[in-house]
Structures are given as structure tokens and as C-alpha cells.
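For reference, the structure is listed below as C-alpha cells.
These numbers were taken from a predicted model, which means no experiment stands behind them. Both backbone and side-chain heavy atoms feed into the values below; hydrogens, waters and symmetry mates do not. Residue numbers start from 1 in every chain, and the chains themselves are labelled A, B, ... in the order their sequence lines are given, proteins ahead of strands.
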Amino acid sequence: MYIYNLGVQQLHEKLTNKELSSVEITKAFLEHIKEVESKVQAFVTVCEKEALEQAKKVDEKIQKGETIAPLAGIPGGIKDNICTKGIKTTCSSRMLENFIPPYDASIIEKLKSQDALFIGKTNLDEFAMGMTTETSYFKSTKNPWSLDCVPGGSSGGSVSAVAAGQVAWALGSDTGGSIRQPAAFTGVVGMKPTYGRVSRSGCVPLASSLDQFGPITKNVTDCAHVLNAISGHCPFDANSYQGETPDFTKSLVADVKGMKIGLPKEYFSLYVDKTVKEKVLQAIKQLESLGAQIVEISLPHTDYSAATYSVIASAETASNMSRLDGVKYGYRSPNAKNINDLYVKSRSEGFGKEVKLRVTLGNYFLSADCYEEYYLHAMKIRTLIVNDFQKAFEKVDVIVSPAATTTAFKIGANLPKEELYMSSVLHIPANMAGLPAISIPCGFVENMPVGLQIIGNLLDDSNVIKAAYTYEQNTDFHKQIAPVGGK
Amino acid sequence: MMKYETVIGIETHVELKTKTKIFCSCSAEFGGEPNSKTCPICAGFPGSLPVVNEKILEYAIRAGLALNCHIQKLNIFDRKSYFYPDLGKGYQISQLKYPIALNGYLDIEVDGKTKRVNINRIHMEEDAGKLIHTSSTISSSESSIVDYNRSSVPLLEIVTEPDISSPKEARAYMEKLRTILQYIDVSDCKMQEGSLRCDANVSVRPFGQKEYGVRSEVKNLNSFKAVQRSLEYEELRKARELEEGVRQIQDTRTWDEEKGLTISMRSKEQADDYRYFQDPDIPPIILDKAWIEDVANKLPELPDARKKRLMQELGLSEYDALGIVADIHMANYFDETLKYTKDAKAISNWLLGDILAWLNNNDVEDIRAFPVEEKNIAQMIELVNEGIISSKLAKTVFEELTKTSKSPQEIIKEKGLEQISDTNQLLDIVQDVINNNPQSVGDYLAGKERAIEFLVGQIMKETKGKANPEIINKLLKEKMS
């Protein structure tokens, strides 16, 4: 087993046992990146110099006998829509191609205070708009399980980097499934925490009321460590949860006896690929055999979620994109003749097609003629979706479903929008209700990973982790390594 | 002008004098090197989020209470979108549907009558940055530069109902509003510095007509005088348009102070679509009733109440009381002086007379910069009342007081200005003057009462103004009869 196949917990043990140094570990990951990056294309920026500098610092601490945090000195990948001071943060867009933030996002500050090590910024769909990482301005990332397949999106770079052994852990963002779906496609663990659990300050927003930034790791244990490291109240995010943050590693207990697991009939409807559904149902059976009680539930407004999401997300997105105007930072068109021209040209040339589509759509929904009929209406339906979950969680502890409707498809498949759209129905409701949700590997179909989604009640991230951990400890799927991932 | 009537509504933006901005901890103070008081939040950098400054809420509640509004417990911030380089985020965070205060009023006094101007709403919002163009407008300029120091400075927007009926009333409203805001200490209220800005909406309709006429919004009003002048110009212009049957356009006009006219900037036939929606970054705020009550209890005595007190307790006339309370610092000066003398009327006379004149002549806006201490004014009043100095010579003392730090007593001693009230001292001079001015004496005896003034004047000349006028009047009359 190569060093870069080890997870966070394992590497932390090796560091504290002085079996390996952070520099050794970091070099191993950097080497492997050099080996496979041309195939995987997970990174926008690799920070070799900064990573080795940080590794040296951590090693000095260890030598002095200081205790180090679980993530200290262990290479991680940061999705490139999270601001890192002094390091390009591009959102995989021409608009921010050369943008170097003079500040860190709050979660980066938090990680730095724990001596975390960042090895690079990972690729994403442009401004997190997409489900395949193909809308990135720079490149499309490949799925380490099959290089001609998409890794999913928008956190494609982060999941591929973990699956390919280029990083031990990564951060992604999830607005309508952008951590969970790509995690399922690449056989890694990806979690969207409860809304408000993790600070959004300094993270470039897609849809403010839906976004959460979360861990992407090889296993649930590592996920708990990363979640611990980034969770907590932040005074710069007004929606940041002000209560106590539990220690999520305490939920790494393999016990689901008596846990009530809900199966929402709407999530298992026809459009989920038969073979994928099979694997997921097997996984659920396994949980049952471990003592969980399976309960059929209904989330009746699921059907409306895609349309509702489309309105709310595009409206918030359009508004969030307004500040990218070529005036203060970012791409400014050299061809502008006056101020209006500057706006129009900078944004037309700086944004890709998908971004322009959503901005136009979002502004349309917010326009005076449409606001009530679309936006206000969608907000009301959102409440109904939230209520669906509230009712369900009176009967069950967690809810399960497939984490994706298919396995990863080919790059350039150009699936009809409808299809992609409908597949996100699995993910969207959890964002709408702010619920914690995780995707964990639960099998393979034709050698391509399948994911199981577990959704928890508001602020009940702990139970989600427990259920996920229990399943994982009784299977081997998380131990499988992608062909590009080493041995 | 009786044929037409004017309808005016005023929108005022008040910069709040909090230490820090509305959504970040940058300094909200005026001035400074360009872009020295900015941060990712107020400059609209990627990923930055707004967090509400609690002090703003307190100031807004204060203003709402002082303007007799109903304070709304539920407050929601909305995004108001439009593109302009001084707006960092491409949207302004403001309040649309759930503002902090509704349905208030303030009373103005114009031409001896009291009138109530109703206030529709007060809401909180953030200011934009400052733009400087190479030419007069952005579209005619080769380039512009932007300074975000002012971006996100907290503002209150105060909107009246269209209750104002004349340019004079409009000015009175602005002056009263400024006084009230000054009393509750939420803003510097300096129109010239931009901490108090107003736009006026004006329309003219045939007298008695129910429907409003076509309105124009007048901007760029940098003084109270400009408010009045611009509206006088507008109501005349619009009345003429009606007379001549010219089709009126709903537009935005800028006031040109130099030329004394308004110029149309853009027609507002269609309302702008700002795509308002609730800002998802800011959770709804629910104000605690106890907190609102606490703010209410801590409100200072407001101008109207203070005016009443001066009239009822001290017997001042309404005119005088109004003049004193119009500026809180003047009112405080009055109260302070009252600690050293009971003669309220005399204090009022000095304040509204010589002191105000001195401030105007020396271009001093704020009486706190007036160099004479209250206790010295009081002392001077006492000295006059005791007859130690004539009221005429008191003016000389006053002049000296503004130039030195000496007390009135010291000045009187130095300059030998004590009033001569000793009859024996004056008798000779009186006799002299009578002897030397037979004509005037004759006139007086012939019935011309006023002839005595000339004689008094002569005596004053002789005594260098120090003779007690009452006594010499008495002596003259005695001697001439």
C-alpha cells in the first residue's frame, strides 16, 4: 500500500508515531500527483512550494513534542471556489482566472489554525454550476475509475483527487448535490453538513440559502475528522449555527440497532437505474440485518423540488453573480467603450454558457412581472418540502436513498437537461431543508462506483455519520482503489 | 398661484454616526485616504458576507420613536439590484416590505401655524461608494475612479406622505427633521457634508383636483435654502406647463444652484425594476419589545417638548422658544446659562440676537465653537439688570468677551465702563447740556417729547455712554420743568 492510499486517520497515526514525517507524506502525494495528474486533471493549481513549507513546519512541531491536530501536515485539496489568501482562487472561470484573494475563507483560517496542509486547488464546474465538471473554463476532470467518464460535479476535482490518491482529504461544496453525486460517481465519501454548521464566509456562493461546504474523504472516519475541523460558529456568517458543535468522531460507532431508517417511495421511482437501485437496496438490507428498522415513508412534494430549486437557486445565483462586473477585480474586457459596454462585455466574455444561462434565468424570475408567480411561489413550496421532512423525522431517525440515479457516464455524453435535472431530485430536497446528507460507497456496477445517500434531521449530523460508519465497517467498498489511485 | 396647488413629498437619507459600517467593522467616519476604510465585505469581494451592526438598529428605533412612528418588530433586509460602479456587490442591501418603522409624523411651524407632516416609513440601508468622473457624467467621461470608503456606511431613509404644500413648508420640514435627528444624536446632519441628503418629489395640480399632477423628482439639494429655491422654481415651471397645455413628463431633475434652475436628467415614465428579494445572507430580525421600550425610555427631551417647557416654565414667547430649540446646542447653551441667571428672556435675547449674529458673521455653524462661556453671558446679564452697566455698553462688553477670556467684570473694570448712576455726579453734566442746547429744550417744552432724546444723546456723549439713561431722563425732566 502506498502512502497516498492511506487515509487521514492512518496518516495522523503515522505522524504521531514518527513513522513518517509530514515532508515524506507530502512528497509522496506530490510525486503521485505528478504521475497521474495529466490523466485525472483534478487540479487548477498545485501548491508544491507552500505544501512543503507547511510540511516542514508541522514536522518541527512534532519534533518539539507538541500535540498536533488530526489534519495537521496531511495533504488536502481545496475546491477552487473557496478563497485562499495569496493563492489563485478561480472558481474555474475566466472571470476569476487570475484572482488572488487577499483573505482566507473562515474555514481555511480554521484549518490553518490546526496546521492543515493544502496541496492544491481543485477543479470544478464553473462557479459550481454543473453536474459533470465539464463546464470548467480550464479542463474537464476525469473519473479515476474510468478516465473517459465524468467524475460528476460540481466538486469533480475534489472527489477525483481523493479517489486518485492525489490528496488524503478534500473540501467540496453542495448546493443541489455537488458533493454527494460526484462522491457516488467516484466511490468516495462526501458529506453536505447541516446548513449553518460550516461557515460560508469567504466561500464563493452559488445559492446562499442552499450552499454548504463539506468534507470529501476516503472513509467515514476521515469525514468525521474533517467535519470536526471545519465546523463551528463563525461571526462573519449571519446564518452560522450558534449552538455547540459535537465531536463527530464520537459517532464513529458501528451500531444501528433500533435505528429507524426511512425509505421515501418517491426517491426510488422509475428513473433510478435498475442496477444502481439493486445495489442500494442491498445496502439497505444490510443495514436491516445489522439491527436497523426499515420504514416506508413518503415525501409527497418531492416532485416539485426540481422546479422549485431551479427558481430559487437561479435567482440567488444571479444576484450573487452581480458583483462580478469587471470593475474591482477579475476579468475586464479590453474592448469596452463605456461603462455599460464594460459590464456587458466583461460579463459576456468572462462567464461561460452555463453561468450566463442561470444568471439570465434567475434575473427573469426576480423581475417585477415574475417575482410573485415564480420566486415567491417557489419559496412557499420550499416550506412544504421542509414540512415533508419534519413529518418524516417524527417517524424515522435517518432517510436513505441512492446517491445518484446512474453510475458515472461518459464525458461529452451531453445528457438531455431533463435527465440531469431529474437526477438531482435525489439531492435537492436536503439542500432546501438544510439537512445533513452523506454519500458513501455501496457497491459497483460494471466496475463503476455506486453510492448510498443517508439524510439526517436538522443538526443531526452525528446520526448520519453513525449510520454511515456502521454500514462502512461491515463492507469493503471504501477500501477499493481506483486504477489510477495506486495499489 | 391660487389657481394651482403644489404637492410635495420628501425622501431624506440620513447617514448614521455609528463608529463602524452597517455590515462590517470598517470605520464609518467621514473622510480619509480613498479606499482606506474598506474590506472584502463593503467592497463586494467574492465570498464576503454581511453581518448586521446592532447599533444601527438602536439608532433606527430612536429615530422611529422620535418621529412618532410605529416600530416594526419584524425586520427583513432585501437586495435591491442595479449595476453602477459605486455599488460593490451589484446590489444594495435595503429594506422593502418589512422596514423598521411606519406611520409617523412631525409638526412644523410655518407663518405662525402648526402643520403635521405624516411620515410614511423609515428603513435602514447601506450607502454606496463615491465616484469621480473626468467629465460631468460617467457616460461622457473617458474614465472614472471609485472610492469605497463610503460604501456600506449606514443610512436611514425617511419618506414623507405627499403632505407638504409649499416650498416654505418643505424647508421647514427639513429644518425640523434635522433638529429632531440632532437631538437624538444619530447623525451629524450636515447637508454640505452629505450626512443629510434629500430628494423632493413635486407635482402641481389645479386647485381642488383630487388626482395628483405629474411629478418630478428633484435631486442635488445641498442646503435647506436649495430645497426651498428649487421647489419654488419647480412649482412655477410646472404651473406654467399646465397653463400652456404642455404635456408633462414624469422625470428626475437635478438642481443647478448657480443657474437657479432644474434640469431634466432622465425620464421616469417606467419605474426601475430592482428585482427586490429577501437577502438570504441575513436572517430576519425580530426586535425585542423590552429593548424598544428601553430605547424609548432613554430618549432625550425632544424639541417640541423642550419648546413647551421653555414657554410654560420660563414664560418665553413661542417665537423665542422656537428659535432656541431649533438647534440642540443652542438649547443646551441656553439651559447652561440659566444655571447662572434667572433672566430667561434676557438669555433668549442675547442668543437670538448678538450671539446668533456673531455666529453668522464669523461663519460658525455650531454654537459649541462660540468662544464665550455661558457663565460670562449670565454675568453680563446680571450686571445689566443690577444697573452696573447700561445695556448699550453691554454690547461693547460682549465684543470684548468674544475676543478675550476675561470675565465681564474684568472687562468693565479695565475699560472703566461702569454706569454712572450717582445723581450728584450727573447733575452738573445735565445742567451743562441744558444750558448748551436751548433749542432742544425749547422744543421739548413746546411739546416735542422726542427732543429729550437729543439731550440724552449729548449727555451720553459727554459721559462716554456710561450715564444711567433712566436717571438722566429723570434729571432732565426735573430740570426742564
Side-chain angles (χ1 to χ4, degrees), chain A residues 81-83 89 91 95-96 99 101-103 105-106 127 196 199-205 207-211 234-240 312 315-316 318-330 338-340 342-344 347 362-371 375-376 379, chain B residues 23-25 35 38-53 77-93 96-97 129 131 133 137-146 148 151 270-285:
Chain A
N81 60 355
I82 300 171
C83 286
T89 301
C91 298
M95 180 57 84
L96 292 178
F99 175 64
Y103 49 90
S106 290
F127 280 108
S199 171
R200 293 187 305 115
S201 177
C203 299
V204 183
S208 315
S209 72
L210 300 163
D211 294 349
C234 171
F236 294 100
D237 177 349
N239 283 311
S240 173
I312 296 173
E316 290 182 6
S319 177
N320 287 332
M321 292 294 121
S322 292
R323 65 183 68 188
L324 299 151
D325 53 15
V327 171
K328 312 166 290 287
Y329 49 79
N338 55 51
I339 185 64
N340 279 330
L342 192 149
Y343 284 132
V344 170
R347 287 163 65 85
N363 281 327
Y364 173 72
F365 289 138
L366 290 175
S367 67
D369 286 338
C370 299
Y371 173 82
Y375 185 79
L376 205 57
M379 289 297 273
Chain B
F23 298 121
C24 63
S25 50
N35 293 309
T38 60
C39 72
I41 300 169
C42 56
F45 270 64
S48 63
L49 296 172
V51 180
V52 180
N53 176 344
F77 281 96
D78 300 295
R79 294 187 186 179
K80 177 182 182 183
S81 297
Y82 62 93
F83 284 99
Y84 204 59
D86 63 2
L87 199 62
K89 299 185 286 292
Y91 58 83
Q92 177 197 32
I93 300 179
L96 183 68
K97 278 206 199 123
L131 272 170
H133 315 298
T137 65
I138 195 170
S139 38
S140 60
S141 296
E142 268 221 11
S143 69
S144 305
I145 50 177
V146 58
Y148 289 114
S151 172
Q270 277 184 316
D272 295 313
D273 184 1
Y274 294 109
R275 299 193 297 279
Y276 280 99
F277 74 107
Q278 181 176 340
D279 191 334
D281 291 330
I282 304 175
I285 295 170

Heavy-atom contact with chain B under 4.5 Å, split by part of [X]:
X	value
A/C203	backbone
A/N320	both
A/P101	neither
A/A105	neither
A/F99	side chain
A/N363	both
A/V327	side chain

Check: Are B/R79 and A/S322 close enough that a side-chain donor and a side-chain acceptor fall under 3.5 Å?
Finding: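 Result is no, nothing qualifies.
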
Checklist line | B/D272 and B/Y274: side chain donor to acceptor below 3.5 Å | finding: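 Yes, a side-chain donor-acceptor pair sits under 3.5 Å.
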
Note to self: Quick one, B/F83 with A/R347, criterion side chain to side chain contact (heavy atoms under 4.5 Å, CB included). Give me CA distance, side-chain angles, the key distance, then yes/no.
What the structure shows: CA-CA 12 Å; B/F83 284 99; A/R347 287 163 65 85; 3.7 Å; yes

Next item on the list: Just give me the residue among A/N338, A/D369, A/D237 that pairs up with chain B most often, heavy atom to heavy atom, under 4.5 Å.
Entry: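 Option with the top pair count is A/D237.
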
Checklist line | For chain B, the option from A/S367, A/C83, A/S319, A/P102 that forms the most heavy-atom pairs under 4.5 Å | finding: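 Highest number of heavy-atom pairs under 4.5 Å: A/S319.
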
Does the side chain of [Y] come within less than 4.5 Å of [X]'s, by heavy atoms?
X	Y	result
A/R200	A/N239	yes
A/I339	B/Y84	no
A/F236	B/L49	no

Item checked: Nearest heavy-atom neighbours spanning A/L324 and A/L96 ->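 Closest approach of A/L324 to A/L96: CD2-CD2, 3.9 Å.
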
Margin query: Show, in sequence, the C-alpha distance, side-chain angles and deciding distance for B/V51 and B/F23, and conclude whether the side chain to side chain contact (heavy atoms under 4.5 Å, CB included) test is met.
Written below: CA-CA 5 Å; B/V51 180; B/F23 298 121; 6.0 Å; no

Check: Is it the side chain or the backbone of B/D273 that comes within 4.5 Å of chain A heavy atoms, both, or neither?
Finding: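 Side chain only.
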
Note to self: With chain A as the partner, which of B/S139, B/S144, B/S81, B/A43 has the greatest number of non-hydrogen pairs under 4.5 Å?
What the structure shows: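 The answer is B/A43.
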
